[in-house]
Amino acid sequence: MPRTEPIRLEKIKEKLQTKLIGKTIHCFSEVASTNDLAKEMATIGAKEGTVIIAETQTSGKGRLSREWASPRGGIWLSTILRPELSGKDIPKLTLMTSLAVAKTISQLFNLKTEVKWPNDVLINTRKVCGILIIANTRGGVTNFVVVGIGINANIELDSLPKQVRENATSLKHELKREIDREQFLRLLFEKMERYYVMLTGGKFSPVLKEWKSLCGFLGSYVEVTSWEEKIEGLAIDVDENGALIIRLQDGTLRKVLSGDGSLKRSKEL
Ligand code: BTN
């Protein structure tokens with residue numbers, strides 16, 4: 001059993017410096033999925049910046065229709081945003097969120113973090129965080145976005161399913177101690193808000209530049225599985241819309257949109 005105390009709302013709020021993210025927070029002991037709940041709340045008008053946190057999820061959702069194991073002790077949350085962005089700009093939110101998580105971890109614990117396109121944060125090549133975004137757009141206009149974040153915080157690796165465990169880590173495992181989740185959330189919300197203001201204010205380039213500085217995969221040979229297709233090549237860049245650019249063996253360039261792919265390192269071609 002984790003020793004972690006449940007997350008206390010007052011402790012997050014007491015020193016929170018944000019104007020938007022986390023001004024309204026709902027904490028639950030157990031939900032099916034914070035993303036599903038946030039979507040319902042956004043549909044009936046929840047304010048931008050509203051955060052939903054759960055101690056555990058019984059039906060956590062990962063990318064590509066995978067299940068997301070969410071044992072107690074982790075940080076499972078969704079944030080409702082209402083950006084004036086068109087559909088093609090939504091992947092930028094994934095990049096800014098992974099950057100915010102990576103920076104929070106490195107600032108608080110002095111651990112070296114890496115972002116992995118499109119939506120992961122790694123420590124020592126193992127996944128500590130995944131991000132899943134749901135966008136509600138109509139006619140090119142974004143009504144709301146739910147940014148779902150799962151962080152393996154105070155969890156033992158053996159509380160994760162076997163197939164996940166092999167490539168996963170947790171903050172507790174890396175630090176050999178439990179972390180203060182309220183302090184973590186406070187800093188995370190502050191960083192997210194900073195990058196969000198930049199992004200929505202038309203200043204995404206510096207955010208992308210910072211993201212790329214933490215991206216270990218650029219310059220490596222990768223294999224991207226996108227729908228039915230496997231694409232192998234040299235990952236050379238991520239463009240302003242969050243698409244991965246790969247140079248294929250014949251020298252041609254391919255763009256893979258961030259919603260479509262999952263990535264792994266491959267041997268040189
Ligand atoms: C992935 O890497 O596949 C994305 C995982 C996203 C998990 C988070 S946990 C909080 C939120 N609620 C969900 O059901 N999923 C996201």
Side-chain angles (χ1 to χ4, degrees), residues 4 7 12 21-22 25-43 46 50-81 90-91 93-102 104-105 113-123 125-136 144-155 157 159-161 163-171 181 184-185 188-189 192 215 217 224-226 242 244 257-264:
T4 304
I7 290 168
I12 305 174
I21 296 181
I25 305 178
H26 302 280
C27 279
F28 296 90
S29 172
E30 181 180 301
V31 299
S33 153
T34 57
N35 266 17
D36 290 350
L37 188 54
K39 192 172 153 190
E40 279 172 35
M41 291 173 77
T43 308
T50 300
V51 173
I52 291 123
I53 304 174
E55 292 293 337
T56 183
Q57 302 182 110
T58 53
S59 183
K61 308 271 185 341
R63 283 180 75 241
L64 310 169
S65 310
R66 293 182 187 130
E67 278 175 31
W68 181 262
S70 320
R72 286 182 191 276
I75 296 178
W76 323 119
L77 75 105
S78 299
T79 302
I80 297 168
L81 297 175
I90 302 296
L93 292 166
T94 309
L95 299 189
M96 68 136 238
T97 305
S98 60
L99 179 62
V101 172
T104 302
I105 295 174
T113 50
E114 195 182 318
V115 290
K116 181 185 164 203
W117 182 91
N119 73 323
D120 296 346
V121 179
L122 313 181
I123 301 175
T125 73
R126 286 164 175 266
K127 179 161 170 168
V128 68
C129 165
I131 293 152
L132 178 63
I133 290 200
I134 307 171
N136 179 293
F144 65 81
V145 176
V146 169
V147 179
I149 309 173
I151 302 161
N152 298 336
N154 293 336
I155 64 173
L157 296 188
S159 65
L160 295 173
Q163 69 278 14
V164 174
R165 211 181 299 160
E166 282 161 15
N167 296 311
T169 191
S170 72
L171 294 173
R181 291 185 296 168
F184 188 97
L185 285 162
L188 175 62
F189 295 162
M192 280 177 75
C215 178
F217 277 69
V224 182
T225 310
S226 175
L244 180 68
L257 295 178
S258 78
D260 300 348
S262 66
L263 175 78
K264 63 178 193 195

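Heavy-atom basis, side chains included; hydrogens, waters and symmetry copies ignored. In this chain, numbering begins with 1 at the start of the sequence shown. Start at 1 and go down the list; that is how both ligands and their atoms are numbered.
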Ranked by distance from atom 5 (C) of ligand 1, the top protein heavy atom is Trp68 CE3, 3.3 Å

What atoms in ligand 1 come closer than 4.0 Å to a heavy atom of Ile131?
-> 4 (C)

Do Ile149 and Met192 come close enough that some side-chain heavy atom pair is under 4.5 Å?
-> yes

Note, Ile53 side chain near Leu185 side chain (heavy atom, < 4.5 Å) = yes

Within a distance under 4.0 Å of any heavy atom of Arg63, pick out the atoms of ligand 1 and give their elements.
-> 1 (C), 3 (O), 4 (C)

Report, in ascending order of atom number, the atoms of ligand 1 lying under 4.0 Å from any heavy atom of Asn119.
-> 1 (C), 2 (O), 4 (C)

Is it the case that more than 12 heavy atoms not belonging to Lys39 sit under 6.0 Å from its NZ atom?
-> no

Testing Ile80, Leu77, Val31 for side chain to side chain contact (heavy atoms under 4.5 Å, CB included) with Ile52, which one passes?
-> Ile80

Heavy-atom contacts with Thr34 under 4.0 Å: which atoms of ligand 1 show up? List them by number with element.
-> 10 (C), 11 (C), 12 (N)

Option passing side chain to side chain donor-acceptor pair (under 3.5 Å) with Ser78 (candidates Thr34, Asp36, Thr50) | Thr34

Relative to atom 14 (O) of ligand 1, which among Lys61, Arg66, Glu67, Lys127 owns the nearest non-hydrogen atom?
-> Lys61

Find the distance between CD (Glu40) and OG (Ser33) and round it off to the nearest 0.5 Å.
-> 9.5 Å

Heavy atom under 4.0 Å from ligand 1: found in Asp36's side chain, backbone, both, or neither?
-> neither

For Ser33, the atoms of ligand 1 under 4.0 Å from one of its heavy atoms are 12 (N), 13 (C), 14 (O)

Quick note on ligand 1: atoms under 4.0 Å from a heavy atom of Gly60 include exactly 14 (O)

One finds that the ligand 1 atoms under 4.0 Å from a non-hydrogen atom of Leu77 are 10 (C), 11 (C)

Nearest protein heavy atom with distance in Å, relative to atom 9 (S) of ligand 1 = Gln57 NE2, 3.3 Å

Do the charged groups of Glu166 and Lys127 touch, with an N to O distance under 4.0 Å?
-> no

Non-hydrogen side-chain atoms of Asn152 and Ile155 separated by less than 4.5 Å = yes

